[in-house]
Amino acid sequence: MPDELDTYYRDHWLHVEEDRMARYEAMFQWRDGYEALIAPAAIGTGQVVADYGCGPGGLAVELARRVGPSGRVLAVDINRDFLARTRALCDEQGLGDRVDARQMEGERIPVDDADVDRVVCKNVLEYVPDPEATVREFYRIVKPGGIVHVSDSDWGGVVLEPLGERFTRLMSAASVAFRTPLIARRLYGMFRSAGFEDVRVQVIANADTSGGLRGVIYNMASYARTSGKIDDAEIADFLADVDRAVEEKTFFALLPQFLVTGRK
Ligand SMILES: C[S@@+](CC[C@H](N)C(=O)[O-])C[C@H]1O[C@@H](n2cnc3c(N)ncnc32)[C@H](O)[C@@H]1O
């Protein structure tokens, strides 16, 4: 693997090209279907909530609404542009004074010990350099009695028709974009090892028959292209088959989300 791919799992978030940014803006908007994904975090009025790996801010805005005027959201990300977009989105919605956007640099989350009531982290831990250390950081920043809630994919558990086994081939090339592609199955153990009590796991696997996950598939294709492990013509064939299946209404996909929740 060429050297620059060794850190691609991080670098592709630090430098996001325009077409990927447009896809992320669309993919990471808050939608009603996410309600179940954050429900175990039990977000309420007056809480201080850290949103770790906030992206362009769709979830942070929703959290800001839920904590109300007496609460606060600490939105953390490694990408400055995402932080600027999160600030802008919260300002647009009149929620700017409830949101504090902070850049992640190095290994320490820029939040004091026992400073927050909740940590929410959605689809981020597969990209961090050391997920065990990040989960320990979550433990450090949450108050005693507070809740840490992570929602993540497990890329070994995806079902995607019409690709069948060919998805495994696409994913094995795309895995250069992940530090820990099988993160979700490991989270329960990581939470237990970090010292959390009452660790609960729930898996939500909604069937997508309308092609809602196409943005995710196109993203995987762009990662696979970057890896150089699979040629462009083969990737174009995969995508054409996916598009055809959506048109012909035979598309079927599952991208299970593992929800892991623990109390300090
Ligand atoms: C798949 S996006 C998820 C965005 C958002 N949580 C959501 O679900 O809408 C992953 C996010 O993690 C951020 N990220 C990647 N590595 C990170 C790190 N080491 N620390 C903090 N954030 C990171 C990326 O910049 C990106 O915003």
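Note that the coordinates shown come from a computational prediction; the quantities given were computed from them, not determined experimentally. Every number for a ligand or one of its atoms is a count from 1 in the order of the listing.
Gln47 and Arg66 are not linked by any side-chain donor-acceptor pair at a separation below 3.5 angstrom, with hydrogens and angles left out of the test. Between the side chains of Gln257 and Ser153, at least one donor-acceptor pair of N or O atoms lies under 3.5 Å.
The protein heavy atom nearest to atom 15 (C) of ligand 1 is Trp13 CD1, 3.6 Å. Among protein heavy atoms, atom 4 (C) of ligand 1 sits closest to Gly53 O, 3.4 Å. In this structure, atom 10 (C) of ligand 1 lies nearest to the protein heavy atom Asn123 O, 3.4 Å. Counting only heavy atoms of the protein, atom 19 (N) of ligand 1 lies nearest to Val128 CG1, 3.7 Å. In terms of protein heavy-atom proximity, atom 8 (O) of ligand 1 is nearest to Lys122 NZ, 2.8 Å. What sits closest to atom 27 (O) of ligand 1 on the protein, heavy atoms only, is Asp77 OD2, 2.7 Å. Counting protein heavy atoms only, atom 9 (O) of ligand 1 is closest to Phe28 CB, 3.3 Å. Atom 12 (O) of ligand 1 has Val124 CG1, 3.6 Å as its closest protein atom, hydrogens excluded (heavy atom only).
For Cys121 against Leu125, the heavy-atom pair with the smallest separation is SG-CG, 4.0 Å. Closest non-hydrogen pair, Leu254 versus Ala205, comes out as CD2-O, 4.1 Å.
Short contacts between ligand 1 and Ile78, defined as distances under 4.0 Å to a heavy atom of the residue, involve ligand atoms 14 (N), 15 (C), 16 (N), 17 (C), 18 (C), 19 (N), 20 (N), 21 (C), 22 (N), 23 (C), 25 (O). Near Met104, meaning under 4.0 Å from one of its heavy atoms, ligand 1 places the atoms 20 (N). Short contacts between ligand 1 and Phe82, defined as distances under 4.0 Å to a heavy atom of the residue, involve ligand atoms 25 (O), 26 (C), 27 (O).
Taking the six-membered ring where the residue is Trp, Trp30 and Tyr34 present perpendicular rings, their angle passing 60° and hence far from 30°.
A distance of 6.5 Å separates CD1 in Ile38 from CD in Glu62, rounded to the nearest 0.5 Å.
The side chain to side chain donor-acceptor pair (under 3.5 Å) test with Arg214 is passed by exactly one of Asp243, Asp208, Asn219: Asp243.
Taking the six-membered ring for Trp and the full ring otherwise, the centers of Tyr24 and Trp13 sit less than 6.0 Å from each other.
The shortest heavy-atom distance from Tyr52 to ligand 1 is under 4.0 Å. Contact between Leu59 and ligand 1 is absent, with no heavy atom of the residue lying under 4.0 Å from the ligand.
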Before you tell me yes or no, could you show the steps for Arg166 and Asp241 under salt bridge (Lys or Arg N to Asp or Glu O under 4.0 Å), namely the whole-Å CA-CA distance, both residues' side-chain angles and the distance that decides it to 0.1 Å? CA-CA 11 Å; Arg166 290 186 297 159; Asp241 285 354; 2.8 Å; yes
